[in-house]
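Just below is one structure, and these are the notes that go with it.
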Amino acid sequence: MSGFKADFLWGGAVAAHQLEGGWQEGGKGVSVADVMTAGAHGVPREITNGVLPGKNYPNHDAIDFYHRYKEDIALMKECGFTAYRFSFSWSRIFPDGVGEVNPKGLEFYDNLVNELVANGIKPIPTIYHYDMPMALVDKYDGWISRQSVDDFVAYGEFLIRRYGDRIKDWLIINEQSIIVEFWKKKNYVPEKYHGDPQVKFQINHHMNLGQAKISKLIHELVEGGRSGAAIGYSPVYGLDSTPKNMLAMLNAEDLKNHFFLDIYFKGKYPVGAFRYLEEHGMAPVIEEGDMEIIREGMLDFLGVNYYASKCVRFPDADKNELTEARSNLSGKKGAMGAYEVMPDFYQYMKNPNADTNDWDWTIDPTGMQYLLRDIYQRYEIPMIITENGLGARDVLEDGKVHDDYRIDYWTKHLQAIHRAIELGVDVRGFLPWSFVDVLSTSNGYQKRYGLVYVNRDDEDIKDLARIPKDSYYWYQKVIATNGAHCLEEE
Ligand code: BGP
């Protein structure tokens with residue numbers, strides 16, 4: 001018997017720039033995601049200053065959802081989806097970021113939302129998912145300028161006024177935690193700022209203000225509207241029980257997790273982490289009235305994006321200097337670029353007690369139960385899993401993809417969610433990453449996550465055929481039994 005409630009939402013998640021394509025169609029403006037190259041084995045994806053000749057930008061066509069959304073929604077329906085997480089592309093709606101709205105862009109989202117609703121699939125949108133309009137970067141360096149707050153709010157207000165009758169649950173910003181961690185990869189940050197890590201916390205503060213203002217508008221303008229954010233969340237484990245390593249765990253939890261959730265649900269920054277940033281010259285500038293804006297726009301629910309847990313120790317004396325995280329680009333286990341160090345606070349490291357995927361992301365279903373219970377205990381808010389999945393090099397054999405490793409991953413994570421629910425945590429839905437193979441933000445098309453395979457790779461867009469994987473048919477059964485299918489072997 002499944003313990004998932006009858007109205008538990010089952011679906012999948014995606015983001016505009018990773019699947020839509022049509023980067024210049026229907027009057028769309030350029031976004032920072034459009035100037036991100038493919039990269040290759042060992043060669044990082046690069047954000048270029050504009051679209052440069054001779055470079056490969058794989059999101060320009062992506063998987064052409066822009067033209068194929070009906071076919072894709074039919075596949076969602078056949079799988080049994082009751083919800084779908086997607087993002088609006090800011091520069092498709094406002095090509096210049098502000099000012100004139102683009103009617104063709106709106107028409108696309110009108111059609112998409114209506115098609116979902118007509119198929120009984122609840123649309124759960126993200127307002128901002130890594131794709132700042134390039135026009136605003138050119139104008140004032142994007143999120144680095146405080147002007148971005150007003151422009152973001154104008155865009156958000158436009159969306160909630162237009163779709164608030166059909167859309168009640170809104171995710172405002174995707175993964176501020178990851179935007180801070182990889183601040184030069186998930187944003188276009190001009191070179192002149194690259195040496196100043198304070199900038200990433202300033203960007204984050206501007207996002208907090210914009211998000212809070214939009215949250216308040218959702219409460220005022222949308223009848224029954226609920227505001228949320230999707231956070232990239234990794235529970236942090238201490239390497240061992242030495243007091244220093246346990247302290248490092250607390251430090252990392254504060255700066256990597258509570259730093260975001262305390263803003264969303266308590267309206268303040270955690271004091272210890274904030275003081276640490278002040279001591280190191282990295283704290284954001286907070287203007288008078290800012291914290292009031294944040295308190296007035298607290299969120300109603302949390303979208304949890306969980307892939308992997310993290311492990312820390314107190315920094316070794318010879319490693320005790322500010323170091324930024326660098327991902328594993330080759331997809332060779334153990335080739336992780338660099339682990340983050342915050343001096344005298346924490347040092348990230350590989351967890352010696354857990355396995356990883358090929359890109360060194362820890363595989364840890366227990367972490368799912370751990371984080372859900374921890375977050376619920378601290379904030380007592382409803383949650384939806386808005387991303388969870390396994391990146392792998394799937395192989396198409398005789399028209400089939402046998403991704404039993406992914407079925408195993410999701411089965412164990414769903415069992416962990418179920419156990420957390422049994423223990424009283426309020427989890428209302430599962431929207432794994434990803435419904436379909438989309439462009440990975442760090443590893444192009446080598447790394448796939450979808451329930452549905454897409455026939456393309458980094459260099460060749462081929463025929464973009466959609467081929468349901470074994471995990472798709474497994475998930476169909478999970479949904480049909482409201483979760484019981486994945487609990488059978490618990
Ligand atoms: C999250 C993002 C998604 C998605 C996913 C997988 O951080 O919200 O957009 O891409 O991670 O990560 P990646 O694409 O880097 O493999």
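Being a predicted model, the structure only gives us computed values, none of them experimental. Both backbone and side-chain heavy atoms feed into the values below; hydrogens, waters and symmetry mates do not. Positions are given from 1 along the sequence. Remember, it's 1-based here, ligands and their atoms both numbered in the order they're listed.
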Can you sort out which atoms of ligand 1 are near [X], meaning under 4.0 Å from one of its heavy atoms?
{"X": "His129", "answer": "2 (C), 3 (C), 8 (O), 9 (O)"}
{"X": "Asn174", "answer": "8 (O)"}
{"X": "Ser440", "answer": "13 (P), 14 (O), 15 (O), 16 (O)"}

Salt-bridge criterion met for Asp355 and Lys333 (N-O under 4.0 Å):
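The answer is yes: the pair qualifies as a salt bridge.
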
Does a side-chain N-to-carboxylate-O contact under 4.0 Å join Lys200 and Glu181?
no

Which one holds for [X] and ligand 1: side chain close, backbone close, both close, or neither close, with close meaning a heavy atom under 4.0 Å?
{"X": "Tyr130", "value": "side chain"}
{"X": "Thr441", "value": "both"}
{"X": "Ser442", "value": "both"}

Option nearest atom 12 (O) of ligand 1 (shortest heavy-atom distance, choices Tyr307, Trp433, Trp361):
Trp361

Check each of His17, Gln18, Lys185 against atom 10 (O) of ligand 1 and report the one with the nearest heavy atom.
Gln18

Value rounded to 0.5 Å, distance of OH in Tyr346 from CG in Leu255:
4.5 Å

Nearest-contact summary for atom 7 (O) of ligand 1 - protein heavy atom, Å
Glu175 OE1, 2.4 Å

For atom 1 (C) of ligand 1, what is the closest protein heavy atom, and at what distance to 0.1 Å?
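Atom 1 (C) of ligand 1 sits closest to the protein heavy atom Glu387 OE1, 3.1 Å.
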
Under 3.5 Å side-chain donor-acceptor pair for Asn257 and Glu253:
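Per modelled atom types, Asn257 and Glu253 side chains form a pair under 3.5 Å.
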
Return yes if a side-chain donor-acceptor contact under 3.5 Å exists between Asn208 and His205, otherwise no.
no

With a 3.5 Å distance limit and no angle check, can you tell me whether Arg428 reaches the backbone of Asp426 through a side-chain donor-acceptor pair?
no

Going by heavy atoms, is Tyr449 under 4.0 Å from ligand 1?
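A heavy atom of Tyr449 does come that close to ligand 1.
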
Compare all side-chain heavy atoms of Pro125 with those of Phe86 and state whether any distance is below 4.5 angstrom.
yes

Taking the six-membered ring for Trp, are Trp10 and Phe430 parallel (under 30°), tilted (30 to 60°) or perpendicular (over 60°)?
perpendicular

